Amino acid sequence: MIFDKIVGMFSNDMGIDLGTANTLVLVKGEGIIINEPSVVAVKKDKFGRQKILAVGHEAKEMVGKTPGDINAVRPMKDGVIADFDMTEKMIRYFIEKAHSRKAFIRPRVIICVPYGLTQVERKAVRESALSAGAREVFLIEEPMAAAIGAGLPVKEPQGNLVVDIGGGTTEIGVISLGGLVICKSVRTAGDKIDKAIIDYIKKKYNLLIGDRLAEEIKINIGTAMPLEKPLKMIVNGRDQVGGLLSSIELTSEDIIEAMKDPLKEIADALKDVLEKMPPELAGDIVENGIVLTGGGALIRNLDRYLSEIVRLPVFVSEEPLLAVAKGTGKALEEIELLQQLSNE
Ligand code: ADP
Ligand code: MG
């Protein structure tokens, strides 16, 4: 036991942003050491059971390039755990990968999970981390970590509003005095926006494109509001009618139209939270504005678009894709406090 205590003192604590699209691992004193897609490559064996072949970058690379029926699965895709076994393997892979980089000895781990996870799902995440060698596991909510990572004064008696737009979920949180006062999680985020782009191109141009290309279009020319100089992109796909390969030129104006519905859903969710806001905190938001984090915050002009709808200032955090991981890192610095709180 004494030995355990001594080695424990030397182990490096670890923070994990277990996102629906990307998982980031951060080590105290080192920063972010892993940033990989939350993807598992699986193959069905002859009994129909799914066998896990790879996780992360390797899994994403395998898909489409390996003969046979290998599929990419995102076990947390909609902010819920679709497959416990795969989620466990994924968490284990990330912890072990961080382990092997440095000789960790049973680290304490803070895992940031989507707000919508049930108690059963949380328990599964915690147990996966323990079985992968964590000494202690603490879970924190994604909007809280996002707010901390965006540098908001979450501990002050002041309202802070953060909108984290990830792959599977958009999580909106109002934080004051270190706690989540209101939180709303909707399943409209990056994936649904990509899907809307696919549907739009199919309907308007009779062209079929895949998920990856849709995401590329969104990133390259997507915008929430008109640009002074519209962007253009040539897109190849399969013609729905003739079945032949063909190409079209898309403009950013097309993508405004394509993304209209999902962006409106995000704006509606934000309006809903603002309506539920206690009046004492509402004043703070009027003054300080709303902060956007997560990969979706990088959509061009999304800040302006939301700002016009809710008539409040909206800002994009610095490095929005890293905000949650950074927030988890800051929480690591206060792990003793977390420990006290969770023992109560
Ligand atoms: P999660 O926390 O759910 O893992 P992330 O915060 O990592 O999600 O964000 C992933 C989402 O952000 C994806 O849908 C991705 O397409 C989107 N994204 C990443 N970069 C950009 C960009 N430059 N413009 C628009 N969307 C982006
Ligand atoms: Mg996230």
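This one's a predicted model, so the numbers in the text were calculated from it and none came from an experiment. In listed order, ligands and their atoms are each counted from 1. These numbers come from the heavy atoms of this one structure, side chains and all, not from hydrogens, waters or symmetry mates.
Atom numbering of ligand 1 starts at 1 in the shown order; those under 4.0 Å from a heavy atom of Gly296 are 12 (O). Shown in contact with Lys218 at under 4.0 Å from a heavy atom are these atoms of ligand 1, numbered in order with element: 14 (O), 15 (C), 16 (O), 17 (C), 26 (N). The Gly190 neighbourhood of ligand 1 comprises atoms 14 (O), with distances under 4.0 Å to a heavy atom of that residue.
In terms of N/O distances under 3.5 Å, ligand 1 is not approached by Gly294. Of the polar atoms of Thr20, at least one N or O is found under 3.5 Å from an N or O of ligand 1, judged by distance alone.
When the N, O or S atoms of Glu142 are ranked by distance to the Mg ion (ligand 2), OE2 comes first.
Residues Met76 and Val113 form no side-chain contact, since every pair of their non-hydrogen atoms from C-beta on lies 4.5 Å or further apart. Contact check for Ile175 versus Val181: no side-chain heavy atoms found under the 4.5 Å cut-off. Side-chain contact between Leu322 and Ile32 is present, with at least one heavy-atom pair separated by less than 4.5 Å. Put simply, the side chain of Val316 does not reach to within 4.5 Å of the side chain of Val291, judged on heavy atoms. A heavy-atom distance below 4.5 Å is not found between the side chains of Val25 and Asn35.
Of the options Ala21, Ala146, Ala189, the smallest heavy-atom separation from atom 10 (C) of ligand 1 is shown by Ala21. Among Gly222, Gly19, Pro320, Gly295, the residue whose heavy atom lies closest to atom 5 (P) of ligand 1 is Gly295. Remark: among candidates Glu215, Arg212, Arg74, the nearest residue to atom 13 (C) of ligand 1 is Glu215, based on non-hydrogen atoms. In the candidate list Asp164, Thr170, Ile299, Val324, Ile299 is nearest to atom 25 (C) of ligand 1, counting heavy atoms.
Between the side chains of Tyr205 and Asp254, at least one donor N or O sits under 3.5 Å from an acceptor N or O. In summary, the side chains of Glu88 and Ser128 do not present any donor paired with an acceptor at a separation below 3.5 Å, with no hydrogens or angles considered.
For the ligand labelled ligand 1, residue Glu142 lies inside the 4.0 Å heavy-atom shell.
Heavy-atom neighbours of Glu249 CD from other residues, nucleotides or ligands within 6.0 Å: above the threshold of 12. Counting heavy-atom neighbours within 6.0 Å of Gln240 CD, excluding the residue itself, gives a total above 12.
Atom 7 (O) of ligand 1 has its closest protein heavy atom at Asn22 ND2, 2.7 Å. The shortest contact between atom 23 (N) of ligand 1 and any protein heavy atom is with Leu298 CB, 3.5 Å.
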